Amino acid sequence: MIWKCTNKKINYSEKPIIMGIINVTPDSFSDGGDYYDTESAVAHALEHIKNGADILDFGAQSTRPGHVPISADEEIQRLSDVLKKIRPLCNLPISVDTYYPEVAAAVIELGADIINDVSGVINPEMARIIKQSGAGWVIMHNGDGGVNEVKSFFDSSIKECERLGIDQAQLCLDMGIGFGKTRPQDLELIAGVKHYKKQGYPLLLGTSRKRVIGEYSHQSDPKMRIFGNIAADTCAILGGANIFRVHDTVSEAQGIYMAYALKEAYEKIENGAK
């Protein structure tokens with residue numbers, strides 16, 4: 001169970017993979033402006049590494065509800081100095097959130113290994129860049145839908161990538177919590193991972209600080225949703241999720257590792273009872 005990301009090979013079978021979020025934006029819903037300048041973003045990335053992150057995930061454009069899109073040129077401008085400074089400082093895989101093919105091409109040149117694409121479509125130009133570079137590609141469901149819709153989207157996306165000649169080992173799937181969905185649909189997707197998890201593909205969960213956590217844990221402050229988030233992570237781990245995109249690496253890692261240990265213990269009990 002290896003996810004190929006340029007020259008990096010991420011083994012997602014031995015332990016849960018933690019992806020630390022660095023928002024190089026002035027307007028993200030949970031930490032807008034905290035890491036907007038280059039020095040703050042780099043320092044936060046190094047903090048994620050110290051606290052146990054396996055992947056660094058940089059985003060230069062807010063995708064919160066009601067956000068105002070910025071251009072590809074502005075995304076590249078926000079990311080360039082950060083990537084130039086962080087790449088020599090770490091060997092971890094670097095992911096960049098973007099749905100612009102031109103941004104993907106630019107950041108891969110700057111050392112990014114993964115394109116975290118929230119568009120919800122298989123863009124042929126993005127596919128060409130992924131195929132040519134060997135980068136990892138996170139394909140996310142974006143829009144209304146629950147378990148059945150996400151399962152169908154994953155199936156069709158995999159077939160389209162196969163048609164375009166992309167190695168399936170480069171792909172990672174994401175159910176798109178909070179992207180065009182109702183809160184009950186978000187809850188259904190967190191609880192129902194095992195019903196749409198595709199064997200042979202890592203599954204990424206991105207619930208950190210999102211509205212579904214706030215609504216069901218009764219916590220209005222996004223930065224105070226850690227405990228609700230760990231509960232969601234635990235449920236998804238038991239269902240088979242592999243990669244966890246988080247803001248709070250220390251606290252989330254503790255909960256994620258404990259949940260994974262419980263999952264392994266449960267599976268041993270079940271196998272022994274057969």
Side-chain angles (χ1 to χ4, degrees), residues 3-10 19 21-28 38 41 45 55-65 67-87 92-143 150 153-180 201-204 206 243 245:
W3 183 22
K4 295 179 182 178
C5 306
T6 63
N7 64 342
K8 307 286 194 307
K9 294 183 178 180
I10 301 171
M19 176 184 275
I21 300 167
I22 306 100
N23 287 316
V24 191
T25 61
D27 57 348
S28 290
T38 298
I55 301 171
L56 300 176
D57 187 57
F58 292 90
Q61 176 160 197
S62 172
T63 51
R64 63 181 172 81
H67 77 282
V68 177
I70 65 171
S71 68
D73 287 343
E74 188 168 354
E75 270 196 30
I76 293 169
Q77 184 178 11
R78 289 181 180 183
L79 289 163
S80 292
D81 286 346
V82 176
L83 294 179
K84 286 175 184 176
K85 289 198 172 185
I86 195 64
R87 183 72 282 177
L92 293 185
I94 289 177
S95 168
V96 171
D97 275 18
T98 189
Y99 48 78
Y100 291 128
E102 52 266 58
V103 175
V107 298
I108 289 168
E109 283 291 318
L110 291 169
D113 306 287
I114 298 163
I115 300 302
N116 190 357
D117 182 356
V118 303
S119 67
V121 297
I122 303 300
N123 181 325
E125 179 60 16
M126 183 71 87
R128 184 190 66 79
I129 291 164
I130 296 297
K131 180 180 178 180
Q132 185 178 55
S133 66
W137 191 9
V138 180
I139 296 173
M140 193 189 79
H141 179 273
N142 188 334
V150 168
F153 170 77
F154 286 171
D155 288 340
S156 63
S157 296
I158 288 167
K159 286 180 182 177
E160 180 63 6
C161 287
E162 183 179 355
R163 186 186 72 80
L164 292 168
I166 296 173
D167 184 348
Q168 74 169 51
Q170 290 174 249
L171 304 179
C172 175
L173 305 175
D174 181 345
M175 72 291 290
I177 300 297
F179 283 82
Y201 299 88
L203 182 69
L204 188 153
I243 302 173
R245 186 175 179 273

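Just so it is clear, the model here is predicted, and its values are computed rather than measured. Sequential numbering from 1 along the given sequence is applied to the chain's residues.
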Identify the heavy atoms of [X] and [Y] that sit nearest to each other, and give their distance.
X: Gly59; Y: Asp97; answer: CA-CB, 4.0 Å
X: Pro93; Y: Ile114; answer: CB-CD1, 4.2 Å
X: Ser133; Y: Ile108; answer: OG-CD1, 3.5 Å
X: Gly111; Y: Arg87; answer: O-NH1, 2.8 Å
X: Pro101; Y: Ile129; answer: O-CD1, 3.1 Å
X: Val103; Y: Ala72; answer: CG2-O, 3.5 Å

Inset, instruction - Keeping to residues at least two apart or across chains, list the ring-ring contact (aromatic ring centres under 6.0 Å, His included) pairs with something in residues 104-142. - result: His141-Phe153

Does [X] reach the side chain of [Y], with side-chain heavy atoms less than 4.5 Å apart?
X: Leu164; Y: Lys131; result: no
X: Phe154; Y: Leu203; result: yes
X: Val150; Y: Leu173; result: no
X: Pro69; Y: Gln61; result: yes
X: Arg245; Y: Ile21; result: yes

Inset, instruction - Please test Tyr201 against Ile139 for side-chain contact (heavy atoms from CB on, under 4.5 Å), starting from the C-alpha separation and ending with a verdict. - result: CA-CA 11 Å; Tyr201 299 88; Ile139 296 173; over 6 Å; no

Among [options], whose side chain to side chain contact (heavy atoms under 4.5 Å, CB included) with [X] holds?
X: Leu204; options: Ile177, Asp174, Asp57; result: Asp174
X: Phe58; options: Val107, Ile86, Thr98; result: Ile86
X: Leu83; options: Leu56, Ile76, Val96; result: Val96

Determine whether a donor-acceptor pair (N or O, by modelled atom type, separation under 3.5 Å) exists between the side chain of [X] and the backbone of [Y].
X: Asn123; Y: Glu125; value: yes
X: Asn116; Y: Val138; value: no
X: Gln170; Y: Ala135; value: yes

Inset, instruction - Decide yes or no on side-chain contact (heavy atoms from CB on, under 4.5 Å) for Asn7 and Asp113, but give the supporting numbers first. - result: CA-CA 8 Å; Asn7 64 342; Asp113 306 287; 4.0 Å; yes

Between [atom1] on residue [X] and [atom2] on residue [Y], distance to nearest 0.5 Å:
X: Ile166; Y: Leu171; atom1: CD1; atom2: CG; answer: 6.0 Å
X: Ile130; Y: Asp167; atom1: CD1; atom2: CG; answer: 12.0 Å
X: Ser95; Y: Ile22; atom1: OG; atom2: CD1; answer: 9.0 Å

Inset, instruction - Take atom NZ of Lys8 as the centre, draw a 6.0 Å sphere, and report whether it contains more than 12 heavy atoms from other residues, nucleotides or ligands. - result: yes

Legend entry - Pairing of Arg163 and Glu160 as salt bridge, 4.0 angstrom limit: yes

Legend entry - Under-4.0 Å salt bridge between Glu75 and Arg78: no

Inset, instruction - Taking atom types as modelled, find out whether Ser119 and Asp117 have a side-chain donor-acceptor pair closer than 3.5 angstrom. - result: yes

